[in-house]
*Asks:* 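Could you have a look at this structure, given as structure tokens, before my questions?
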Amino acid sequence: MAEQERLGRLSEMLKRRGFLLPAFEIHGGAKGLYDFGPVGGRMRSRINQRWLDHWLRLGNVVELSCPTVTPYAVLEASGHVGEFSDFMTQCLKCEEASRADTLLEGHHPNPDALKKDELQSLLFKIRPACPACGAQEWSDVTAQNLMFNTTIGAGPSGRQGFLRPETAQGMFTSYGALLRHFRDRLPFGAMQVGKGYRNEIAPRQGMIRLREFNMAELEYFIDPEAPLDDDLSSWDAHPMVLIADGKEPTKMTLSDACKQGLIRHTTVAKFMGITWEFLTDVGIDPERLRFRQHEQDEMAHYAMDCWDAEIEGSYGWIECVGIAHRGCYDLESHEKATGRTLRARREFDEPRMTEIDGWTIDGAKAGPAFKALAGMVKTALEGLPKTTSFPLDLELPNGETVLVEEEHVKPNQKTIKETGEWYIPHVIEPAFGIDRIIWHVIDHAYHETEKKGEPYCLMKLQPSVAPVDYAVFPLFEKEGMDDLAWDVHQRLCRAPGVVSMYDGTGSIGRRYARADEIGVPSCITVDHQSVKDGTVTVRDRDTGEQIRMAISDLI
RNA sequence: GCGAGCGUAGUGUAGUGGUUAUCACCGGGCGUUGCCAACGCCUGAACCCGGGUUCGAGUCCCGGCGCUCGCACCA
């Protein structure tokens with residue numbers, strides 16, 4: 001209850017001070033869409049930048065920026081067209097909407113795989129009871145797609161497309177360029193921060209479920225046969241709360257979790273470590289951070305392992321990051337759909353020699369004799385041992401039998417040398433919900449205290465993500481203090497990456513309070529002495545302590 | 001999507017059919033003070049949108065949009 005009230009006060013402040021605002025409000029608002037306001041906008045871009053910098057440290061990761069408008073074929077290949085469509089039906093009595101496949105569970109081995117008309121006819125045949133009212137009459141099945149539809153181009157030549165539901169697909173489809181860039185050497189990664197779109201049926205809980213959201217994803221391509229030797233020692237000092245596959249939470253190091261086989265791949269563990277580092281770096285309380293492994297039936301069918309970073313805040317434990325070992329699913333899907341090769345080459349330590357000593361066809365004779373079947377004959381023949389004698393009745397895979405004469409064949413004797421092989425890389429994907437992370441950074445930074453018996457609000461943001469670095473105040477807007485303060489402000493604004501805010505209205509205490517509320521780490525005050533000797537006071541947000549320093553030493 | 005509740009200045013609110021829509025914080029100006037939401041004076045700003053009932057609607061009715069919660073959905 002108290003938690004609810006705190007959430008109310010926090011939301012009110014975020015709106016009032018311009019962190020987060022409902023979008024398009026003067027037109028009545030739009031569900032699931034938010035503005036980052038004059039204060040939140042800066043914070044968002046800082047967190048995005050921080051995220052990119054953090055992963056760039058890996059040294060083999062590049063940043064991409066792919067379109068949000070995505071052709072139908074791309075998302076069909078990725079499985080999103082199928083996966084993100086729900087077939088809905090409505091109870092004719094109580095109008096409750098249900099998923100057709102859910103209603104038919106138990107009446108079909110895999111209703112999820114059925115097409116629309118198959119679901120429709122099965123639904124009308126089985127007539128399952130409505131979970132809400134028990135009636136058995138259902139409307140026609142309609143497709144509800146969670147992706148935003150759009151048309152690329154105008155008129156009849158327009159192609160169907162979607163706004164992307166994740167940034168990942170653009171990185172998979174750029175695989176060729178990435179492989180070239182990294183000179184054919186794995187592992188490597190591509191990442192991007194950007195918008196994703198999901199036409200949620202019921203967006204809820206403020207920033208937690210949005211229709212347009214900020215996401216940051218890394219696709220890290222690895223050789224599945226490479227040794228699992230990622231160095232996890234830098235996190236040995238930080239045991240983390242892990243919930244493995246439905247088990248009880250335990251606190252242990254990533255190294256131990258790998259040794260016990262809870263985390264199935266050391267790169268997944270390493271990314272969990274980097275994720276932990278990033279989240280705590282931007283201000284997430286490590287005590288309210290845990291990793292939960294997806295249970296087998298919860299995981300996408302192709303995924304080999306998946307760990308979510310969950311953060312506790314005003315809405316309970318919320319999944320904010322997913323670290324998934326996706327196997328070769330994505331590249332393989334795009335390969336199948338396009339016929340393009342999306343592979344990497346692995347050289348063998350020693351060339352592999354294969355001795356072949358058997359039979360093959362003599363093309364000049366066998367070709368005219370078997371015509372269309374010649375290819376099949378060749379394959380079948382090459383499978384036969386050296387000891388085979390001809391003529392021979394050879395049974396082909398299609399059931400036909402052909403008579404192979406001695407003149408149709410010749411010995412096949414050769415040595416094949418292979419120096420390596422092509423394989424489809426596996427992908428480990430950390431996917432961050434930036435909005436959810438920003439929400440929790442704010443939630444964890446928001447402190448309600450008292451000052452002289454009055455409620456006082458302090459946003460203890462990490463300086464690296466605070467929306468404003470410095471607030472500059474003239475103690476009073478006269479006697480040259482205003483001009484000097486404005487000069488200091490200008491000087492700070494000209495420094496690269498520094499955000500300064502000038503505030504000359506209200507009492508000095510009020511201005512400190514306003515700065516504290518949006519988490520400005522340092523307040524600079526220009527007073528009478530400043531005008532005489534060029535020094536100012538610098539106040540620390542969290543301690544309130546002030547030191548005096550020369551303006552020239554500020555930056 | 002269904003059900004319930006709600007929608008009034010920047011924020012939080014009062015207002016059960018009848019003057020110029022309440023109060024507080026808030027914002028701005030001037031002055032006093034001169035380092036932690038100070039004081040005085042002045043001042044700014046709202047009934048979500050559309051329709052209906054009525055002599056008269058912030059208030060009642062209908063529809064839309066939005067918010068919160070529950071169910072369902074979703075990661």
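Convention: sequence-line order gives letters A, B, ...; per-chain numbering from 1. We use all heavy atoms of the structure for the numbers below, so side chains are in, but hydrogens, waters and symmetry mates are not.
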*Asks:* Would you write the dot-bracket representation of RNA chain B, where each base gets (, ), [, ], | or . depending on whether it forms a Watson-Crick or G-U pair under 3.5 Å and with which partner?
*Replies:* (((((((..(((.....[....)))(((((((.....)))))))...(((((..]....))))))))))))....
*Asks:* When the P atoms of rU59(B) and rA45(B) are compared, how many Å lie between them, rounded to an integer?
*Replies:* 23 Å
*Asks:* Would you measure the distance from the C1' atom in rC25(B) across to the matching atom in rA37(B) and give it in whole Å?
*Replies:* 10 Å
*Asks:* Distance-only, no hydrogens or angles: does the Gln160(A) side chain make a donor-acceptor pair with backbone N or O of Pro71(A) under 3.5 Å?
*Replies:* no
*Asks:* Do the rings of Phe278(A) and Trp51(A) sit parallel, tilted or perpendicular, given the 30° and 60° boundaries?
*Replies:* perpendicular
*Asks:* Just to verify, what does Thr70(A) make a side chain to side chain contact (heavy atoms under 4.5 Å, CB included) with, not counting sequence neighbours?
*Replies:* Val74(A), Leu75(A), Arg164(A)
*Asks:* At less than 4.0 Å, is any side-chain N or O atom of Arg9(A) found next to OP1 or OP2 of rU11(B)? Yes or no.
*Replies:* no
*Asks:* Between Asp540(A) and Thr543(A), is any side-chain donor less than 3.5 angstrom from a side-chain acceptor?
*Replies:* yes
*Asks:* Kindly say if Thr537(A) contacts the phosphate of rC35(B), meaning a side-chain N or O under 4.0 Å from OP1 or OP2.
*Replies:* no
*Asks:* Could you list the residues that satisfy ring-ring contact (aromatic ring centres under 6.0 Å, His included) with His426(A), not counting sequence neighbours?
*Replies:* His325(A)
*Asks:* Determine, for Trp317(A) and Arg290(A), whether the Lys NZ or Arg CZ falls below 6.0 Å from the six-membered ring centre while staying within 45 degrees of the axis.
*Replies:* yes
*Asks:* Base, sugar-phosphate alone, or nothing: which one does Asp527(A) contact when heavy atoms must sit under 4.0 Å apart?
*Replies:* base
